[in-house]
J.: 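Handing you this structure, nothing more for now.
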Amino acid sequence: MKGLILKDIYNLATLFRIYTILPILAIVISYSQHSLGMLQFLPAFIGMFATISAFAYDEQSNFDSFAMTLPINRKDMVISKYVLALVCIFASMLLSMVLGALILMFSQEHFQTVELSGFLAECCGVAIAMLFLNAIMLPMIIKYGSMKARVLIIICFMLLGFLGSFVISHIGGILPQNFFIFLHDFKDWLLPVSFLGALFILLISALSSMHLMKQKEF
Amino acid sequence: MEHILSMQHVTKNYGRFCLQDITLALPKGCIMGLIGENGAGKTTLLKAILGMIHVDEGQVEIFHSSLSEDERNIKEKIGTVFSEASFPENMTPQQMDKVLSSIYQQWDTTAFHNYLKEFRLPLDKSNKQFSRGMKMKLQIAIALSHQAQLLLLDEATSGLDPVAREEILDILLDFIQDEEHAVLISSHITSDIEKCCDYVTFLHEGKMLLSTEKDALLDTYGIWHCTKEELMKLDHHDYLAYRVNAFAVDVLVKDRQRVMLQHPNAVMDPASLEDILVFMVKGEK
């Protein structure tokens, strides 16, 4: 599996070099908008696109057929992609946090509305959202390939966004006040519980992906 | 004789094409050639051996074990070369060396570099800059750099110039000097098979028509140029196929010596592997 992850890193090296421009752009936009919002979404870009690109490179070269001749099993082929996704998400999350903290340390007066603790929590939130996204995305890519999966993912999230806005606009108003008090009291636990939930969903996703990979023919 | 690879009644049905009831055994220290026209099932057979497809029936045993029992250790000892290289395009041989040394327990970097030198392949050029022949040679270098005992080659010499093909055949003959090794090579270039193989297996439309020692085949099979009347007198068990041409009938006979004893004036030529393949595909039964 180490070899497979190394292979993905070599494949994505050019992409990562291009991605170095993203933090620079995010910093410039942050200063212009007096907000660190763009920095928070680095895990979204890198965590999602790096994983899809890794699959796309493999499909382009038909690498999976070659991998089947190597002393690795199908389970390793799946796990390596999940590990890559986790590494990309958490590395970009740490990068966002470090850059954001440095910016606030040296330019707090420019970002008066931004609190470090809130910013760090939001970075974690985005990373957790990316864990959920990858949990849905990776089995689709394994089943349908990266091209079809991209279209399916866009459709899924448009539907989720529509449903979410429908729920918020129509049901939010009829929820009891106690529900909001409960959420407020629970807010300190929200991130850790969401993180554990995301890891659990990712585990289920990995098991589904292994099952799909087991059925695949090359 | 100990077998390194055996297939028992392997069947894979794709609907329009079916690999049917394949039974063969590859002894240690031997090279087996898999011959067949395009679409005969050669690649499908190799994929069945490697577990790349799920067979509907039958068993494949490699090193006295099956992939379901011991996939990692079995594949550790197999080197594979396919007609289309499937390497990541952006990677260089140097990077592949690092990746493969993390995957194979017995990866030999020195041997890999020596093969790259021998094949005149640059270490630092990305795979997308390699020609077809260079990619094929890279595959062979990889296949030979991890103490493999079984080589599986699928059309490995197709698309190569005669010099490169000769190089590869020499490497195979060198590889087989170790009696613990074996090679299964599929090709429709029958002259390559004739040069290096000990056994040949003919595939046609997913069926295995013949699997026997190459020398025995070439020593006994013949093409009898006869008349239709002479053909009618021949026992149908004594020939595989015939082809009618403008002047005569060409018959692929199984034992040319016996036919010549029965027909002293028979015009008989020894059959090459190419002749046998053409008769099996195009001939009438």
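Note that these values count all heavy atoms, side chains included, but never hydrogens, waters or copies made by symmetry. Letters A, B, ... mirror the listed sequences (proteins, then strands); counts begin at 1.
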J.: More than 12 heavy atoms of other residues, nucleotides or ligands under 6.0 Å from CD1 of A:Ile21: is that the case?
T.: no
J.: Nearest 0.5 angstrom please: B:Ser101 OG to A:Leu6 CG, how far?
T.: 8.0 Å
J.: Top residue by heavy-atom pair count (under 4.5 Å) with chain B, among A:Ser61, A:Ser65, A:Pro71?
T.: A:Pro71
J.: So, do B:Ile53 and A:Phe218 sit near enough that their side-chain heavy atoms are less than 4.5 Å apart?
T.: no
J.: Tell me whether B:Gln59 at atom CD has more than 12 heavy atoms from other residues, nucleotides or ligands lying less than 6.0 Å away.
T.: no
J.: Charged N to carboxylate O under 4.0 angstrom, A:Glu217 versus B:Lys12?
T.: yes
J.: When you measure from the side chain of B:Lys75 to the backbone of A:Met68, do you find a donor-acceptor pair of N or O atoms at a distance under 3.5 Å?
T.: yes
J.: Minimum heavy-atom separation for B:Glu89 and A:Gln60, please, with both atom names.
T.: OE1-NE2, 4.4 Å
J.: Around A:Phe200, counting heavy atoms of other residues, nucleotides and ligands shown, do more than 12 lie under 6.0 Å from its CZ?
T.: no
J.: Please round to the nearest 0.5 Å and tell me the distance separating atom CD1 of A:Ile9 and atom CD of B:Gln95.
T.: 11.5 Å
J.: Using 0.5 Å steps for rounding, measure from the CD1 atom of B:Ile142 to the OG1 atom of A:Thr69.
T.: 9.0 Å
J.: Give the member of B:Gln139, B:His146, B:Lys47, B:Lys128 that has the highest number of heavy-atom pairs under 4.5 Å with chain A.
T.: B:Lys47
J.: Got B:Glu84 and A:Asn62 here, is their nearest side-chain heavy-atom distance under 4.5 Å?
T.: no
J.: If you count every heavy atom of other residues, nucleotides or ligands that lies below 6.0 Å from A:Tyr31 atom OH, does the total exceed 12?
T.: yes
J.: Checking A:Asp76 against chain B: side chain, backbone, both or neither under 4.5 Å from a heavy atom?
T.: side chain
J.: Strictly distance-based, threshold 3.5 Å: is any side-chain N or O of A:Lys2 a donor or acceptor partner for the main-chain N or O of B:Ile103?
T.: no
J.: Between A:Phe63 and chain B, which part of the residue has a heavy atom less than 4.5 Å away: side chain, backbone, both or neither?
T.: both
J.: Should the heavy atoms of other residues, nucleotides or ligands under 6.0 Å from NZ of B:Lys207 be counted, would the total exceed 12?
T.: no
J.: Which one wins on heavy-atom pair count under 4.5 Å against chain A: B:Val99, B:Leu100, B:Leu50, B:Leu152?
T.: B:Val99
J.: Does atom NZ (B:Lys28) have a neighbourhood of more than 12 heavy atoms from anything else shown, all under 6.0 Å?
T.: yes
J.: Output the distance between atom CD (B:Gln94) and atom OH (A:Tyr10), rounded to the nearest 0.5 Å.
T.: 8.0 Å
J.: Please classify the contact between B:Lys98 and chain A as side chain, backbone, both or neither, with a heavy-atom cut-off of under 4.5 Å.
T.: both
J.: Heavy-atom distance under 4.5 Å to chain A: side chain of B:Phe87, backbone, both or neither?
T.: both
J.: Kindly indicate whether the side chain of B:Tyr104, heavy atoms from C-beta on, has any atom under 4.5 Å from the side chain of A:Leu70.
T.: yes
J.: With a cut-off of 6.0 Å (strictly less than), are more than 12 heavy atoms of other residues, nucleotides or ligands near NE2 of A:His211?
T.: no
J.: To check you understand the geometry: which heavy-atom pair defines the closest contact between B:Gly51 and A:Arg74, and what is its length?
T.: O-NH2, 2.9 Å
